Amino acid sequence: MNCIFSLDCQHFTVSSVLSSAQESSSSLCTSRLYQFQTQYVIDRDGKPFGAEILSHWFNAKYKHQPVGLSLSYINDFKQMLKHLCQKINQGHELSMVGSRLFISISRLHLLDLDVVSVLVKLAQSLADKQVILTLLVNHRDTALAAYSAQAKFLLKDAGVRLCLTHARIDELDTINLHPFDCLLFTVDMLHQHPGVQLEQPLVEQLFGLRERGFGLILSDIKSAQDYQLGLQLPFSYFCADRVNDNAQ
């Protein structure tokens, strides 16, 4: 495994941070209590569109994960962003296939002005390399939506794209979707509606969102069957660890 964001590591290879889609395994690193991992984002033709940075509790090292979003996680996340931005600004080659970098984030992160500031700087550094930063904003913590509105518009002004994740499709009519460019849904959501047919309300809503200009992303793809199901629907992009396996 390649060391990506480890704060104690003596070397840093940006090309391993955002690896090309031809590599057979995801890059992984350890950052104190959490690990950050890249996975591929592909288009409808199975070609790389970008890369997503995911964060996971490092359960191989620590037994118990704290409940909720801990301060330790926010600190590790902030340090990862600063480390990545610093290395890019130092001239490390950004070797990735595709033009988007996706990073998952919660509304709680957007209340931290330091995090927002680093995201703006990261977006500017990536733009110099013709890469667009897209934040996957978790719809949970809806009570914080009103307090994170200003941060969303600051990020939008800096060229950052916003994608809403983990929202139920039947509640979208009650959500302010104005700041968002795209929406992310999981395969599990589709599996809750077996035997998808074009006349079903779920499918009609998905096509309606696409016609309104939203890009649709399908995540948590685990098999070629999941990928084929997504292709029957108006999803533009797909998140998968192994592009070649799922695109066949």
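The analysis underlying the following values was restricted to heavy atoms, covering all of them including side chains, and did not include hydrogens, waters or symmetry mates. Keep in mind it's a predicted model, so treat the numbers as computed, not measured.
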Sorted by chain and number, sequence neighbours left out, side chain to side chain donor-acceptor pair (under 3.5 Å) with Asp112 holds for Lys78

Residues passing the side chain to side chain donor-acceptor pair (under 3.5 Å) test with Arg140, sequence neighbours excluded, are none

Applying side-chain contact (heavy atoms from CB on, under 4.5 Å) to Thr142 and not counting sequence neighbours gives Arg107, His139

Residue set satisfying salt bridge (charged side-chain N to carboxylate O under 4.0 Å, His left out) with Arg168, at least two apart, ordered chain then number -> Asp170, Glu171

Glu52 versus Ser104, side-chain donor and acceptor atoms under 3.5 Å: yes

Using residues 145-165 as the side-chain source, report each donor-acceptor pair under 3.5 Å to any protein atom, sequence neighbours left out, with the distance given to one decimal.
{"from": "Ser148", "atom 1": "OG", "to": "Leu144", "atom 2": "O", "distance (Å)": "3.2"}
{"from": "Ser148", "atom 1": "OG", "to": "Ala145", "atom 2": "O", "distance (Å)": "3.2"}
{"from": "Ser148", "atom 1": "OG", "to": "Lys152", "atom 2": "NZ", "distance (Å)": "2.8"}
{"from": "Lys156", "atom 1": "NZ", "to": "Pro179", "atom 2": "O", "distance (Å)": "3.2"}
{"from": "Lys156", "atom 1": "NZ", "to": "Asp181", "atom 2": "OD1", "distance (Å)": "3.1"}
{"from": "Lys156", "atom 1": "NZ", "to": "Asp181", "atom 2": "OD2", "distance (Å)": "3.0"}
{"from": "Thr165", "atom 1": "OG1", "to": "Val137", "atom 2": "O", "distance (Å)": "3.4"}

Got a list of side-chain donor-acceptor pairs under 3.5 Å for residues 113-127, not counting sequence neighbours?
{"from": "Asp114", "atom 1": "OD2", "to": "Lys82", "atom 2": "NZ", "distance (Å)": "3.1"}
{"from": "Ser125", "atom 1": "OG", "to": "Asn89", "atom 2": "OD1", "distance (Å)": "2.6"}
{"from": "Ser125", "atom 1": "OG", "to": "Lys121", "atom 2": "O", "distance (Å)": "3.1"}

Sorted by chain and residue number, the side chain to side chain donor-acceptor pair (under 3.5 Å) partners of Thr134 (sequence neighbours excluded) come out as Arg100

CG of Asn138 to NE2 of His109, rounded to nearest 0.5 Å, is 10.5 Å

Taken in chain and number order and not counting sequence neighbours, the residues that satisfy ring-ring contact (aromatic ring centres under 6.0 Å, His included) with Tyr237 are Phe49

CZ (Phe238) and CZ (Arg44) are apart, to the nearest 0.5 Å, by 5.0 Å

Rounded to the nearest 0.5 angstrom, the CG-OG distance for Asp226 and Ser219 is 10.5 Å

